[in-house]
Amino acid sequence: MVAEMMDTLRGLLREALAACFESGSLNSGEIPADIVVEVPANPEHGDFATTLALVLAKKEQKAPRKVAEALMAALRDRKEIFARIEIAGPGFINFFLTSRCWYGVLEEIARQGQAYGRQRFGAGKRVQVEFVSANPTGPLHIGHGRGAATGDALARLLAACGYEVQREYYINDAGNQMQTLGRSILLRCRELRGEKAAFPADCYQGDYIRDLAREALAEKGESLLSAPEQETIPLLTDFGGRKILAGIAADLEDFGVRFDRWYSERSLFERGEVQKGIDYLRAKGFAYEKEDALWFESTRFGDDKDRVMLRGNGLTTYFASDVAYHKEKFDRGFDRVIDIWGADHHGYIPRMKAAVAALGRDREDLQVILVQLVNLLRGGEPVAMSTRSGEFVTLREVMDEVGKDACRYYFLSRHSDSKLDFDLELAKEQSSSNPVYYIQYAHARICSINRKAAEEGIGQPATAAVDFSALSLPEELALTKLLARFPELVAAAGRALEPHRLTAYLQELATQFHAYYNRYRVVGEDPRTTSGRLYLVNRIQTVIANALEILGIGAPEKM
RNA sequence: GCGCCAGUAGCUCAGUUGGAUAGAGCAACGGACUUCUAAUCCGUAGGUCGGGGGUUCGAGCCCCUCCUGGCGCGCCA
């Protein structure tokens, strides 16, 4: 609605400007390619405003207000959509639409229902969002939770913009960290059987390793202790990795995140993809040998130094896997690939983009979203977070303490690329005044109004039966305008890849609704008013539900 | 040293990609339940947008510079 109206306004302004040139009231003779029409922050400045006169003033060598007057005189409101047009400030032209025009939005929302807000600009394009991708060497912690919430919301947002979205988890199951996992479990197995041996600092210290050791002994038997390490470590690596990954999947499931595909790094090796990636770059002439290693000439594509793919000891680097993996992603036919990384990996972006360019793709086909690490606090005191030391609070524990919806909202209400303090005590204490409950409460309240209406034998009014002139309050018009902006917001958030914009909107919508609710009765004496208000609040409910859906947060009917 | 990100109210953060008088939520104080849910509402306050310079009709946003903080700069992952 807002977007359509802006287009209409741009068209009218173009016509008016042409008419001015025709009549000679203006004479710069050139119609700007993009005329800026916007929604002013201050409602007193109209529903829409244009800066056209300000932009033209210099070329016209006239005062901006004079230019505005000429434009206004030439403007033809054929469809009678304007209640008022005025010139204000240095030369803004402000447009006020008729109420009836606005209330058309409510009909639109009723017609589209769950689809209201959906965009089409992504239609026909396939996008992949890869996120979390934590090593299966330990349970997910709070930082992974932020990545999970961000990636999932982004995937939902892009789907709402029309993209065909695939969610993928890349399992780093090939590196020597996995060997360390196997060794850690083996050492704990021996310990359980009374062997006294030092437990090295570079092994995983967490208690979950002892649990895995216990399970391994129960399932694999005592031969684990007698067989040579060359056999038992790979066995335990595999065993532990599978168990931990299953736990990760369960945690994510309960966090509301489900992946379409779990992609194993090891499978890249097994299918020869890593070698193929290296061969590809070599064949293209983007690789060279130096000091026993094979290098990718990433400086050719904007990186500040070249990168090793094949080490002197014959092993490939992590980067080689990543090149192969991203090559494979594009081979699968994705138009866009989005990686969500911890911000501490930001230094890898230039080399990854270089690889994408070397693979013959536009470097913008890969976008990396950085998620800053979460600073976990408990009662103001920092909590040490290290998988290796075993000192960490798991995502599971935080979910249990704080709740899934509150946790997701907390992560999603801030730009992903800014640091985040997550204080467990605070999150618990504030849970009753947490913004997520405020928003969900608005939704639940509307459900409650509907129950009340049903009790009194009042059903949902059909669009044709609603008299919009019954919605005569300024609050009702303001709410309607806010609802009208939702589709634009989805589009803007989708283009910017910033789901957090939705939380600010929801906060505003809930605030306006609660104020309205407290001041006026929806189900009241007058049937005409009741029906109009009932129609309005149910449209609010739809938009709240649709927005929460994009964030992956529940919309409860009762609280 | 170089690079990336950030610096906005006491605290935590938004700020519609350059528009008009910079906004929320917490925290503080005073009020509102005979009502469709008080997890709510109403009222009161808070600012050198890190500092300085520049670009223009107009800057929290763009450019330069300095300060502060986080992170990164491996043939680790």
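A, B, ... follow the sequence lines: proteins, then strands. Residue 1 opens every chain.
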When all nucleic acid strands are considered with a 4.0 Å heavy-atom cut-off, which category describes [X]: base, sugar-phosphate, or nothing?
X: A:Ser418; value: sugar-phosphate
X: A:Ala88; value: base
X: A:Ala442; value: nothing

Distance in angstrom units between [X] [atom1] and [N] [atom2], rounded:
X: A:Leu54; N: B:G19; atom1: CG; atom2: P; value: 12 Å
X: A:Arg533; N: B:U35; atom1: CZ; atom2: C1'; value: 14 Å
X: A:His45; N: B:A22; atom1: NE2; atom2: C1'; value: 14 Å
X: A:Tyr409; N: B:G25; atom1: OH; atom2: P; value: 11 Å
X: A:Met178; N: B:C76; atom1: CE; atom2: C1'; value: 16 Å
X: A:Glu38; N: B:U17; atom1: CD; atom2: P; value: 7 Å
X: A:Phe48; N: B:U16; atom1: CZ; atom2: P; value: 18 Å
X: A:Lys62; N: B:C57; atom1: NZ; atom2: P; value: 18 Å

- prompt: Would you say A:Phe92 stacks on B:A20, if stacking means ring centres under 5.5 Å apart and planes within less than 30 degrees?
  reply: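 The base of B:A20 is stacked with A:Phe92 (centres under 5.5 Å, planes under 30°).
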task: Fit a plane to each ring of A:Trp341 and A:His345, take the angle between them on a 0 to 90° scale, and name the class: parallel (under 30°), tilted (30 to 60°) or perpendicular (over 60°).
output: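 Perpendicular.
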- prompt: Aromatic rings A:Phe48 and A:Trp102: how do their planes relate, parallel, tilted or perpendicular, breaks at 30° and 60°?
  reply: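 Correct class here is parallel.
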- prompt: Of the nucleotides B:U16, B:A14, B:C36, which one has an atom closest to the side chain of A:His500?
  reply: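 Nearest to the side chain of A:His500 among the choices is B:A14.
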- request: Select one nucleotide: of B:A20, B:U16, B:C76, the one nearest the side-chain heavy atoms of A:Asn176.
  value: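 The answer is B:C76, which lies nearest to the side chain.
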Integer angstrom distance from the [atom1] of [N] to that of [M]:
N: B:G53; M: B:G70; atom1: P; value: 28 Å
N: B:U68; M: B:A28; atom1: C1'; value: 30 Å
N: B:G10; M: B:U56; atom1: P; value: 34 Å
N: B:U34; M: B:A38; atom1: C1'; value: 15 Å
N: B:A6; M: B:C63; atom1: P; value: 12 Å
N: B:C61; M: B:U17; atom1: C1'; value: 8 Å
N: B:G15; M: B:G23; atom1: P; value: 15 Å
N: B:U8; M: B:U55; atom1: C1'; value: 23 Å

- request: Find the runs of at least 3 consecutive base pairs, i with j, i+1 with j-1 and so on, that include RNA chain B, using Watson-Crick or G-U wobble geometry with both distances under 3.5 Å.
  value: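 So far as stems of 3 or more pairs are concerned, RNA chain B shows B:1-7 with B:67-73, B:10-13 with B:23-26, B:28-32 with B:40-44, B:50-54 with B:62-66.
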- prompt: Do we get A:Arg84 above A:Phe96's six-membered ring, with its NZ or CZ under 6.0 Å from the centre and within 45° of the axis?
  reply: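 Relative to the ring axis of A:Phe96, which defines the angle, A:Arg84 lies inside both limits.
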When you check the gap from the basic side-chain N to the acidic O, do [X] and [Y] get nearer than 4.0 Å?
X: A:Glu69; Y: A:Arg65; value: no
X: A:Asp238; Y: A:Arg266; value: yes
X: A:Glu289; Y: A:Arg282; value: yes

field: Syn/anti state for B:C33 [syn: chi within 90° of 0]
entry: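 This nucleotide is in syn.
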- prompt: Going by a 90° cut-off around 0, is B:U65 syn or anti?
  reply: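 In terms of base orientation relative to the sugar, B:U65 is anti.
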task: Check the side chains of A:Gln460 and A:Asn450 for a donor-acceptor pair under 3.5 angstrom, ignoring hydrogens and angles.
output: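 Side chains of A:Asn450 and A:Gln460: pair found under 3.5 Å.
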field: Of A:Arg451 and A:Gly175, the one whose closest RNA chain B nucleotide lies more 5'
entry: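 Between the two, 5'-proximity favours A:Arg451.
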RNA chain B: 5'-proximal contact among A:Ala41 and A:Ile449 (nearest heavy atom):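 Per heavy-atom nearest nucleotide, the more 5' residue is A:Ala41.
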Filtered N/O pairs between nucleotides 67-69 of chain B and protein, under 3.5 Å:
none

query: For B:G25, does OP1 or OP2 lie under 4.0 Å from any side-chain N or O of A:Tyr410?
result: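 Result: no.
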message: Can you tell me if A:Tyr441 touches the phosphate of B:A39, counting only side-chain N or O atoms and a distance under 4.0 Å to OP1 or OP2?
response: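 Yes, within the criterion.
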message: Could you check whether atom CD of A:Glu557 has more than 12 heavy atoms from other residues, nucleotides or ligands sitting under 6.0 Å from it?
response: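 No - once you tally the heavy atoms of other residues, nucleotides and ligands closer than 6.0 Å, there are 12 at most.
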message: Take a 6.0 Å sphere around NZ of A:Lys404 and say whether it holds more than 12 heavy atoms from other residues, nucleotides or ligands.
response: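 Buried by this count: over 12 neighbours within 6.0 Å.
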message: Can you tell me how far apart CE (A:Met559) and CD (A:Gln440) are? Round to the nearest 0.5 Å.
response: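 Between atom CE of A:Met559 and atom CD of A:Gln440 there are 5.0 Å.
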Check: A:Asn94 side chain, B:A20 base, donor-acceptor under 3.5 Å: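 For A:Asn94, whose side chain was compared with the base of B:A20, there is a donor-acceptor pair (under 3.5 Å).
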task: Examine the base of B:U40 for any acceptor or donor lying under 3.5 Å from a partner atom in the side chain of A:Arg445, and report the outcome as yes or no.
output: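 Result: no qualifying N/O pair found.
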For A:Ser28, the option from A:Lys59, A:Glu60, A:Lys62 that meets side chain to side chain donor-acceptor pair (under 3.5 Å):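 Going through the options one by one, the only one that passes is A:Glu60.
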task: Check each residue of residues 502-523 of chain A for a non-hydrogen atom within less than 4.0 Å of any atom in RNA chain B, then write out the ones that pass by number, or none.
output: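 Heavy-atom contacts with RNA chain B come from A:Ala504, A:Gln507, A:His514, A:Ala515, A:Tyr517, A:Asn518, A:Tyr520, A:Arg521, A:Val522, A:Val523.
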Considering all heavy atoms, the nearest A:Leu534-A:Val522 contact: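 Looking at all heavy atoms of both residues, the closest pair is N-CG1, 3.7 Å.
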task: May I ask you to test the A:Asp304-A:Thr299 pair for a side-chain heavy-atom distance under 4.5 Å?
output: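 Of all side-chain heavy-atom pairs linking A:Thr299 with A:Asp304, none is under 4.5 Å.
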message: Could you check whether any side-chain heavy atom of A:Lys290 comes within less than 4.5 Å of a side-chain heavy atom of A:Tyr288, counting everything from C-beta outward?
response: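 Touching, per the 4.5 Å side-chain cut-off.
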- request: With sequence neighbours left out, write down each residue that passes side chain to side chain contact (heavy atoms under 4.5 Å, CB included) with A:Gln61, or none if nothing qualifies.
  value: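 Expected list: none.
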task: State which residues pass side chain to side chain contact (heavy atoms under 4.5 Å, CB included) with A:Ser321; sequence neighbours excluded, sorted by chain then number.
output: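 Only A:Tyr170, A:Glu265, A:Phe269, A:Val274 meet the side chain to side chain contact (heavy atoms under 4.5 Å, CB included) criterion with A:Ser321.
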Any protein N or O atoms within reach of nucleotides 71-75 of chain B? Criterion: under 3.5 Å, listing atom names and distances.
unit_1 : atom_1 : unit_2   : atom_2 : d
B:C73  : O3'    : A:Lys305 : NZ     : 3.4
B:C73  : O2'    : A:Lys305 : NZ     : 3.1
B:G74  : OP2    : A:Lys305 : NZ     : 3.4
B:C75  : O2     : A:Gly312 : N      : 2.6
B:C75  : N4     : A:Glu291 : O      : 2.5

- request: Evaluate the criterion salt bridge (Lys or Arg N to Asp or Glu O under 4.0 Å) for residue pair A:Glu273 and A:Lys327; output intermediate values, then yes/no.
  value: CA-CA 9 Å; A:Glu273 296 289 341; A:Lys327 180 176 185 300; 5.7 Å; no
